[in-house]
Amino acid sequence: MEEKFTVTQRQRLVELNASEDLLDLFFEDAGQRDSFFRKEETALARVNKEKIINLMGTKHKPLLCDVEDRMITWLTETEDFTQVATPIIISSGMLEKMTITAEHPLAAQVFWLDAKKCLRPMLAPNLYEMMRDLHKVVKQPVRIFECGPCFRKETQGAHHMNEFTMLNMVELAGVEDGGQMERLTKLAHAAMKAVGLDNYELEITESEVYGETLDIVCGDIEIASGAYGPHPLDGKWGIFDTWVGIGFGMERIAMAMGGYQTIKRVGRSLAYLDGARLNV
Ligand code: ATP
Ligand code: MG
């Protein structure tokens with residue numbers, strides 16, 4: 001009878017970043033399987049251990065932080081965007097202004113701290129406020145971005161975490177009406193060049209509510225979503241110019257770059273660091 005890895009063996013191999021092909025192997029009997037497992041586990045544990053040793057000894061910066069740094073350097077030094085830091089705790093009013101009320105799909109994903117305060121599920125509401133106020137001061141195009149934690153209740157899975165790092169860039173009054181998609185496309189390509197990811201595709205989708213949107217996808221992973229205005233929500237925020245914006249998932253980019261199957265290897269964790277399992 002053909003044998004596959006046991007659930008526990010499989011789980012351990014996944015933890016150690018075994019390839020998909022390896023996980024699906026068949027064996028003639030349990031004995032052959034178990035000895036193969038022991039050999040593979042030892043070899044993979046060594047690879048994980050070497051990664052940690054290399055990180056502590058010379059590399060010093062996990063891939064996730066490296067991706068953030070590359071994006072920030074690109075935006076501030078090449079693209080003339082200014083970094084902002086806004087609150088992680090936001091009010092229900094801010095979500096309502098984004099039309100995230102009870103019926104909205106995102107509403108069920110929000111972590112509430114009390115009746116009026118929650119952990120931000122996105123950066124858009126804060127950036128709307130910020131870009132409006134900055135535009136009043138400087139009058140010219142406003143280019144800002146924030147990189148920081150966002151929180152969503154997710155049914156987990158390999159591409160979702162409850163806490164993740166979003167980098168959201170927005171440019172207000174930077175292009176003439178009609179030029180938004182071209183600008184978004186240019187920024188998306190430049191961002192991928194800056195982080196060093198080349199196996200990606202841009203997907204433009206037409207939605208009735210949001211107009212045209214642009215996603216950056218890598219295999220079956222959505223790594224970023226872009227949108228532009230004028231947009232039906234803008235009036236509520238006192239925004240009356242064209243804008244373009246892209247929200248990038250830092251862990252998703254790190255996952256794609258490191259070739260990892262699951263996002264938890266690169267996200268905030270006590271079990272993994274820089275893609276390597278700690279209990280090897
Ligand atoms: P998905 O459809 O994959 O759940 P989304 O379209 O809801 O993502 P957006 O609101 O477009 O996500 O957020 C912008 C980016 O933030 C996404 O493209 C993705 O890279 C990242 N992101 C969103 N939710 C999560 C999550 N729970 N964990 C990790 N990254 C996320
Ligand atoms: Mg999206």
Side-chain angles (χ1 to χ4, degrees), residues 62-65 67-68 70-72 75 86 88 90 94-95 97-100 103-111 118-128 144-170 181 184-185 187-189 191-192 194-195 197 199-229 231 233 243-269 271-272 275:
L63 181 56
L64 176 65
C65 303
V67 168
E68 289 174 25
R70 286 185 209 179
M71 287 287 293
I72 293 170
L75 284 164
T86 69
I88 290 170
I90 64 170
M94 293 289 265
L95 287 189
K97 268 173 96 174
M98 293 297 297
T99 66
I100 304 175
E103 314 74 54
H104 195 285
L106 239 184
Q109 295 188 269
V110 176
F111 283 98
C118 66
L119 297 174
R120 61 186 185 193
M122 47 161 58
L123 299 170
N126 289 355
L127 294 181
Y128 255 127
I144 54 170
F145 73 94
E146 176 157 358
C147 179
C150 288
F151 302 83
R152 293 182 192 179
K153 288 182 190 167
E154 303 277 4
T155 40
Q156 298 301 320
H159 299 170
H160 291 91
M161 297 190 79
N162 284 336
E163 50 181 303
F164 61 99
T165 316
M166 177 111 78
L167 187 152
N168 200 335
M169 55 190 291
V170 282
M181 190 45 90
L184 267 184
T185 306
L187 288 169
H189 285 307
M192 293 300 96
V195 291
L197 197 61
N199 56 334
Y200 66 91
E201 274 164 45
L202 302 187
E203 280 180 4
I204 297 172
T205 314
E206 185 83 44
S207 107
E208 244 172 63
V209 190
Y210 299 106
E212 262 183 330
T213 56
L214 172 137
D215 280 355
I216 309 179
V217 292
C218 202
D220 61 343
I221 317 178
E222 174 194 311
I223 58 178
S225 271
Y228 65 80
H231 187 284
L233 287 179
W243 62 267
V244 300
I246 310 180
F248 298 86
M250 295 293 98
E251 290 82 2
R252 298 252 181 112
I253 296 180
M255 207 184 143
M257 291 185 64
Y260 298 116
Q261 316 286 345
T262 60
I263 195 166
K264 40 177 202 223
R265 296 186 73 90
V266 295
R268 290 177 184 271
S269 172
Y272 296 96

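Values reported hereafter were calculated over all heavy atoms of this structure, with side chains retained and with hydrogens, waters and symmetry mates removed. As the structure lists them, so they are numbered: ligands from 1, and atoms in each ligand from 1.
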| message | Within less than 2.8 Å, report the number of protein N/O/S atoms around the Mg ion (ligand 2). | response | 2
If you round to the nearest 0.5 Å, how far is [atom2] of [Y] from [atom1] of [X]?
X	Y	atom1	atom2	value
Gln109	Glu154	CD	CD	4.5 Å
Tyr228	Glu212	OH	CD	3.5 Å
Ile216	Leu202	CD1	CG	6.0 Å
Thr185	Leu214	OG1	CG	5.5 Å
Ile144	Leu75	CD1	CG	11.5 Å
Ile253	Met192	CD1	CE	4.5 Å

| Near ligand 1, which residues have a heavy atom under 4.0 Å away from one of its atoms? | Arg152, Glu154, His159, His160, Met161, Phe164, Met166, Glu222, Ile223, Ala224, Ser225, Gly247, Gly249, Arg252, Ile263
| Lys264 atom NZ: more than 12 heavy-atom contacts under 6.0 Å | no
| Could you go step by step and tell me if Leu197 and Ile223 meet the side chain to side chain contact (heavy atoms under 4.5 Å, CB included) rule? | CA-CA 11 Å; Leu197 197 61; Ile223 58 178; 3.6 Å; yes
| Between Phe164 and His159, is the ring centre distance below 6.0 Å? | no
